[in-house]
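Here's the structure, in structure tokens; my notes come after.
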Amino acid sequence: MVDLNQNEIQELQEKLILIYKFINQERMYEKFFFEGLDTKKSFKTDNKLINKLLEMKDPEEFLETCIIELEELKTEKNIELEDNISLYNILEVQDFENLYNKYGMVDMDDVDKLDINKLLDFI
């Protein structure tokens with residue numbers, strides 16, 4: 001296992017935040033429009049990782065844990081001891097317009113452009 005540097009940790013966390021936001025948005029859309037209907041999942045992307053996450057029972061919880069653990073690595077604090085650190089706190093300080101521009105996205109539908117395979121190879 002190779003350690004990620006601070007920039008790589010930041011990049012991975014930002015990309016996971018964008019993926020979290022996309023999946024959360026898709027789940028809310030699906031629940032609002034298709035709850036109670038027997039339909040196949042219509043939200044497929046070109047990104048295999050995102051498709052696998054969409055197939056999970058609770059991908060938001062999994063991503064939340066990953067994002068918080070990355071925050072812990074960034075701050076070198078034990079998040080469990082910090083009562084005020086949560087996914088909400090992390091998301092609240094994000095400038096999503098800046099993140100879209102940074103990763104060449106126009107909106108959440110461009111989530112396929114996020115390539116995290118290079119970063120995940122280190123883990």
Side-chain angles (χ1 to χ4, degrees):
M1 181 172 136
V2 177
D3 291 329
L4 297 173
N5 65 39
Q6 287 297 315
N7 290 335
E8 292 168 330
I9 291 171
Q10 181 68 33
E11 179 183 344
L12 181 57
Q13 184 185 43
E14 289 170 349
K15 288 179 177 182
L16 289 178
I17 286 170
L18 290 168
I19 292 169
Y20 171 88
K21 191 166 170 72
F22 171 78
I23 289 175
N24 185 265
Q25 177 179 301
E26 296 303 310
R27 295 279 190 151
M28 287 177 20
Y29 178 85
E30 189 175 83
K31 184 176 181 179
F32 183 78
F33 287 104
F34 302 113
E35 186 170 31
L37 299 176
D38 188 22
T39 61
K40 297 258 184 204
K41 302 244 186 230
S42 59
F43 304 110
K44 292 291 181 188
T45 69
D46 293 332
N47 189 311
K48 291 179 185 179
L49 173 65
I50 295 172
N51 286 334
K52 285 185 180 189
L53 288 168
L54 284 168
E55 292 171 4
M56 291 176 68
K57 182 176 180 181
D58 195 359
E60 294 96 338
E61 184 178 325
F62 172 74
L63 288 167
E64 178 179 346
T65 301
C66 294
I67 291 166
I68 290 173
E69 286 181 9
L70 288 167
E71 186 69 19
E72 181 178 335
L73 288 174
K74 283 176 25 187
T75 60
E76 298 180 359
K77 292 180 184 176
N78 186 347
I79 296 299
E80 293 175 350
L81 299 177
E82 297 288 330
D83 291 337
N84 60 345
I85 301 292
S86 67
L87 180 64
Y88 175 77
N89 295 110
I90 296 169
L91 294 178
E92 186 176 46
V93 297
Q94 296 300 315
D95 179 354
F96 286 99
E97 190 66 35
N98 186 32
L99 290 179
Y100 294 158
N101 291 332
K102 183 176 181 178
Y103 297 110
M105 297 172 63
V106 174
D107 56 27
M108 288 311 301
D109 292 330
D110 288 336
V111 74
D112 284 337
K113 293 182 179 181
L114 298 175
D115 181 19
I116 64 172
N117 292 329
K118 175 182 71 168
L119 294 170
L120 292 177
D121 286 343
F122 288 115
I123 299 175

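Numbers for residues simply follow the sequence, beginning at 1.
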CA sep, side-chain torsions, deciding dist, call: E55, K52, salt bridge (charged side-chain N to carboxylate O under 4.0 Å, His left out): CA-CA 5 Å; E55 292 171 4; K52 285 185 180 189; over 6 Å; no
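- Considering CG of D107 and CZ of F22, their distance stands at 10.0 Å, rounded to 0.5 Å.
- Side-chain contact between M56 and L53: present, with at least one pair of heavy atoms (C-beta onward) separated by less than 4.5 Å.
- Remark: L12 CG to I19 CD1 distance equals 8.5 Å, nearest 0.5 Å.
- Looking only at side-chain heavy atoms (C-beta outward), L99 and K15 stay at 4.5 Å or farther from each other.
- Here the CD atom belonging to Q94 is positioned 4.0 Å from the CD1 atom belonging to I17, to the nearest 0.5 angstrom.
- Atom CG of L16 sits about 9.5 Å away from atom CD1 of I23, to the nearest 0.5 Å.
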Audit row: Q6, K74, side-chain hydrogen bond (donor to acceptor under 3.5 Å, both in side chains) steps and yes/no: CA-CA 7 Å; Q6 287 297 315; K74 283 176 25 187; over 6 Å; no
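- Not counting sequence neighbours, E64 has no partner by the side-chain hydrogen bond (donor to acceptor under 3.5 Å, both in side chains) test.
- Shown here are the salt bridge (Lys or Arg N to Asp or Glu O under 4.0 Å) partners of E14, two or more places apart in sequence or in another chain: K102.
- How far CD1 of I9 is from CG of L70: 7.0 Å, rounded to the nearest 0.5 Å.
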side-chain contact (heavy atoms from CB on, under 4.5 Å) evaluation trace for Y100 with D110: CA-CA 9 Å; Y100 294 158; D110 288 336; over 6 Å; no
Verdict with supporting geometry, N7 and Q10, side-chain contact (heavy atoms from CB on, under 4.5 Å): CA-CA 5 Å; N7 290 335; Q10 181 68 33; 5.6 Å; no
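- For the pair L91 and F96, the minimum side-chain heavy-atom distance is below 4.5 Å.
- Residues that satisfy the side-chain hydrogen bond (donor to acceptor under 3.5 Å, both in side chains) test with E97, not counting sequence neighbours, are absent from this structure.
- Summarising the geometry, atom SG belonging to C66 is positioned 13.5 Å from atom CD belonging to E71; distances are rounded to the nearest 0.5 Å.
- A donor-acceptor pair under 3.5 Å links the side-chain atoms of N89 to the main chain of S86, judged by distance alone.
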Steps toward side-chain contact (heavy atoms from CB on, under 4.5 Å) verdict (L114, M105): CA-CA 9 Å; L114 298 175; M105 297 172 63; 3.9 Å; yes
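- By the neighbour-count criterion of 12 heavy atoms within 6.0 Å, atom CD of E61 is sparsely surrounded, having that number or fewer from other residues, nucleotides or ligands.
- Between Q13 and I90 there is a side-chain heavy-atom pair separated by less than 4.5 Å.
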